[in-house]
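Okay, structure first, notes after.
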Amino acid sequence: DTGVSQDPRHKITKRGQNVTFRCDPISEHNRLYWYRQTLGQGPEFLTYFQNEAQLEKSRLLSDRFSAERPKGSFSTLEIQRTEQGDSAMYLCASSPSGLPTDTQYFGPGTRLTVL
Amino acid sequence: SQQGEEDPQALSIQEGENATMNCSYKTSINNLQWYRQNSGRGLVHLILIRSNEREKHSGRLRVTLDTSKKSSSLLITASRAADTASYFCATFFLPTNDYKLSFGAGTTVTVRA
């Protein structure tokens, strides 16, 4: 069990550019979550997957954001036409199933800076 | 919007002292969880307390839950420098068919040597 990994750990981009982040969950975890965390705040839910199906998207996830989990394993989060307000830490988490008592295991996050 | 609110926002204590932080939430929950986040690292799950439980212990951690007041507390006893971190409470909303965590803004704890 190598834990949840995220790549890259840091990304600096210019406003208007597209960026893509990758998350590799713990193997055999069916649930995968994306959160966004800004400085001094707790993580805010963005979206989650049950296997390859994207089941819910937060209102925070504008149409510039898209997430996929094509084979029910790794996931990607893409932000198109980045804005300075997108600067944040993007966290990925996975859990064995969708039970509310499941522990969510978080990755180290990808820190995005939009200049 | 974030469901939980932690209090205080920041806490500074001497090594060996106890640290207590509180969390209030707004709607009915299935369970409440506490997470720790060290500087530059990911969130680590500490403890989960179900809505029908009132108190839970894990090592030096003690969590209480008062569903009538919609509040929880986390006590860290005999604090160590390694406990320096931000602590977040997170709740699962009810009623819902889908389960996702809603985090508070966190309490930043500094343990002085």
Side-chain angles (χ1 to χ4, degrees), chain A residues 2-7 9-10 21 23-26 29-51 53-61 67 88-111, chain B residues 1-10 21 23-25 27-53 56 58 63 65 74 85-108:
Chain A
T2 57
V4 178
S5 62
Q6 293 187 246
D7 183 68
R9 294 289 304 275
H10 303 274
F21 310 140
C23 170
D24 286 89
I26 294 172
H29 276 194
N30 294 325
R31 283 270 172 128
L32 187 148
Y33 302 83
W34 285 99
Y35 294 85
R36 182 173 69 185
Q37 185 177 23
T38 54
L39 199 62
Q41 298 297 314
E44 293 178 291
F45 168 81
L46 291 179
T47 188
Y48 79 91
F49 293 83
Q50 174 72 28
N51 298 314
Q54 187 173 16
L55 296 186
E56 186 171 345
K57 293 194 289 186
S58 160
R59 286 189 300 269
L60 294 174
L61 217 63
M89 177 77 85
Y90 289 85
L91 296 167
C92 174
S94 69
S95 66
S97 65
L99 294 176
T101 51
D102 273 356
T103 295
Q104 290 191 20
Y105 296 86
F106 282 80
T110 294
R111 183 170 295 284
Chain B
S1 63
Q2 299 194 305
Q3 156 86 319
E5 291 184 7
E6 286 91 342
D7 174 61
Q9 288 185 320
M21 60 210 84
C23 169
S24 59
Y25 57 91
T27 61
S28 297
I29 60 171
N30 176 284
N31 65 71
L32 185 144
Q33 304 180 27
W34 286 91
Y35 283 78
R36 180 185 69 214
Q37 186 175 40
N38 296 98
S39 177
R41 298 180 64 181
L43 285 147
V44 174
H45 181 266
L46 294 177
I47 195 166
L48 178 151
I49 186 165
R50 291 177 171 82
S51 59
N52 62 353
E53 297 176 314
K56 206 160 181 182
S58 176
V63 169
L65 180 65
L74 171 67
S86 291
Y87 292 82
F88 297 91
C89 68
T91 54
F92 271 102
F93 289 113
L94 276 181
T96 181
N97 293 322
D98 294 307
Y99 302 105
K100 58 184 184 286
L101 287 172
S102 180
F103 286 83
T107 293
T108 300

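No hydrogens, no waters, no symmetry mates; every other heavy atom, side chains included, goes into these values. Labels below follow one simple rule: chain letters A, B, ... track the order of the sequence lines, proteins then strands, and each chain is numbered from 1.
Heavy atoms of A/Q50 lying under 4.5 Å from chain B are absent altogether. Interface remark: B/Q33 contributes side-chain atoms only to the contact with chain A (heavy atom separation under 4.5 Å). There is no contact between A/S95 and chain B, counting heavy-atom distances below 4.5 Å. Heavy atoms of B/L48 lying under 4.5 Å from chain A belong exclusively to its side chain.
With sequence neighbours left out, A/S58 forms a side-chain contact (heavy atoms from CB on, under 4.5 Å) with A/F45, A/L60. Every residue two or more places apart in sequence or in another chain that forms a ring-ring contact (aromatic ring centres under 6.0 Å, His included) with A/F21 is listed here: A/Y90.
The closest side-chain heavy-atom distance from B/D7 to B/S24 is not below 4.5 Å.
When all heavy atoms of B/S51 and B/I29 are compared, the closest pair comes out as CB-O, 3.5 Å.
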